[in-house]
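Beneath this line is the structure, given in structure tokens, with notes to follow.
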Protein chains: 2
Amino acid sequence: MNIGQAADASGVSAKMIRYYEQIGLIRPPSRTGSNYRVYGSDEVHILRFIRRARTLGFSIEETGALLALWQDKTRASAEVRDIASEHISALETKIAELESMVGTLKHLVHCCHGDNRPDCPILDDLAGTTAKSKGH
Amino acid sequence: MNIGQAADASGVSAKMIRYYEQIGLIRPPSRTGSNYRVYGSDEVHILRFIRRARTLGFSIEETGALLALWQDKTRASAEVRDIASEHISALETKIAELESMVGTLKHLVHCCHGDNRPDCPILDDLAGTTAKSKGH
DNA sequence: TCTTGACCTTACCATGATGGGAAGGTCTAT
DNA sequence: ATAGACCTTCCCATCATGGTAAGGTCAAGA
């Protein structure tokens, strides 16, 4: 299987497959006489694993750790759960930050009359000319 | 005022002030005879505006647009509200994505016994060996 | 006055994950 | 034999920020 076919089969772009190889996330595959990379179903399986982990928001580093655990027959599932739990916490922190931004912005938009008057509470807030626009 | 003092006064690092100047977000300030950048309260005010917009998750490009509107005395507040509203939508989309990830991960962690057994539903899901782990 | 340390300048490199493109080699079907 | 679809490596760009190095400047104290 060539890299393009492996890309189609795994959902990981050829570009990224080469990149994952370059950074050591996956092992260099064997090559044909004309230097083409050759992949088998094992490699495709690994690439699918990586894609799924990335889709769930794991960083490449975390993905590498999960991959190592996946391939380690003696691993304890507790390790995996720890990685996942920490990742959940990080995601929830990020969500809370975004929700805080949205809350502030919604408040500002709500206060904005949105017509042709040049007066604008949103800009006033950004400029810091209003006294505590939150908590009115 | 030197760049370090402007940084302290605005909360924007000296590094970023130079960067904002370089990309044209802010105007090059005047210089002393020894080529030091000189800032006044107007510039600090602008930098604070930028910092606040960045804190609210506006990209530098959006921040530039808001800045232009802020400095345009004839602007309509509706334009500002449109930028903010679009930004809220983008943030909410991002939040939904993250929440979806968290939901899946929580389910997986919940299914994981987390002991020393090598069997692990989280890895099984990543590997795609389980039939639809979601919606059990 | 000289020195020291804290500041300033520019220029380059790095991040993380991905895409784009160029220049050149290879394979397959016509 | 040739066209076109693939492959190879190498370099560049993103976005916002931090770091570092080499060199110039300024203020305060000995």
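Order of the sequence lines fixes the chain letters, A, B, ..., with proteins taken first and strands second; residue numbering starts at 1 for each chain. When reading the values below, keep in mind they use all heavy atoms of this one structure, side chains included, and skip hydrogens, waters and symmetry mates. Bear in mind the structure is a predicted one, so any value in this text is a computation, not a measurement.
Note on residues 100-113 of chain B: pairs passing salt bridge (charged side-chain N to carboxylate O under 4.0 Å, His left out), not counting sequence neighbours, are A:Glu92-B:Lys106. Note on residues 4-16 of chain B: no pairs pass side-chain hydrogen bond (donor to acceptor under 3.5 Å, both in side chains), not counting sequence neighbours.
Counting heavy atoms from C-beta outward, A:Leu98 and B:Leu98 have side chains that approach closer than 4.5 Å. Looking at heavy atoms from C-beta onward, A:Val38 lies out of side-chain contact with A:Met1 at the 4.5 angstrom threshold. Within the 4.5 Å cutoff, no side-chain heavy atoms of B:Ile60 are placed close to those of B:Ile50. In this structure, the side chains of A:Arg51 and B:Leu126 stay at 4.5 Å or more apart for every pair of heavy atoms.
Residue B:Ile17 contributes atom CD1, which lies 16 Å from atom C1' of C:dT10 at whole-angstrom precision. In this entry the distance linking CD of A:Glu21 with P of C:dT18 reads 16 Å, nearest Å. Rounded to an integer number of Å, the gap from CE of A:Met16 to C1' of C:dA17 is 5 Å. Computed from coordinates, the B:Tyr19 OH to C:dC13 P distance equals 17 Å when rounded to whole Å. Protein atom CG of A:Leu25 is 13 Å distant from nucleotide atom P of C:dG16, rounded to whole Å.
B:Phe49 is linked by a ring-ring contact (aromatic ring centres under 6.0 Å, His included) to B:Trp70, counting only residues two or more places apart in sequence or in another chain. Take A:Thr32 and apply the side-chain hydrogen bond (donor to acceptor under 3.5 Å, both in side chains) test, not counting sequence neighbours, and it matches A:Ser34. For the side chain to side chain contact (heavy atoms under 4.5 Å, CB included) test, residues two or more places apart in sequence or in another chain that qualify with A:Ser59 are A:Glu61, A:Glu62. Residues satisfying the side chain to side chain contact (heavy atoms under 4.5 Å, CB included) test with A:Ser85, not counting sequence neighbours, are A:Arg81, B:Val109.
By the rule that hydrophobic residues join a cluster once side-chain heavy atoms approach within less than 4.5 Å of another member, A:Tyr36 and A:Tyr39 end up as members of separate clusters.
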Name every donor-acceptor pair, under 3.5 Å, that has one atom in a side chain of residues 17-29 of chain A and the other anywhere in the protein, sequence neighbours excluded.
unit_1: A:Glu21; atom_1: OE1; unit_2: A:Arg37; atom_2: NE; d: 2.8

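Interface limits on DNA chain D: the 5'-most and 3'-most nucleotides within less than 4.0 Å of chain A heavy atoms are D:dC6 to D:dC10.
As judged by a 4.0 angstrom heavy-atom cut-off over every strand, A:Arg37 is placed among residues touching the sugar-phosphate backbone only.
Axis angle between the ends of the helix from C:dT1-D:dA30 to C:dT30-D:dA1, five pairs each and rounded to 10 degrees, works out to 30°.
Within a heavy-atom distance below 4.0 Å of DNA chain D, no residue of residues 53-65 of chain A is found.
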Counting primed atoms, P, OP1 and OP2 as sugar-phosphate and everything else as base, the B/S/- map of nucleotides 22-30 of chain C against protein heavy atoms under 4.0 Å is ---BBS---
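For A:Glu86, the CD atom counts as loosely surrounded, since its 6.0 Å shell holds 12 or fewer non-hydrogen atoms of other residues, nucleotides or ligands.
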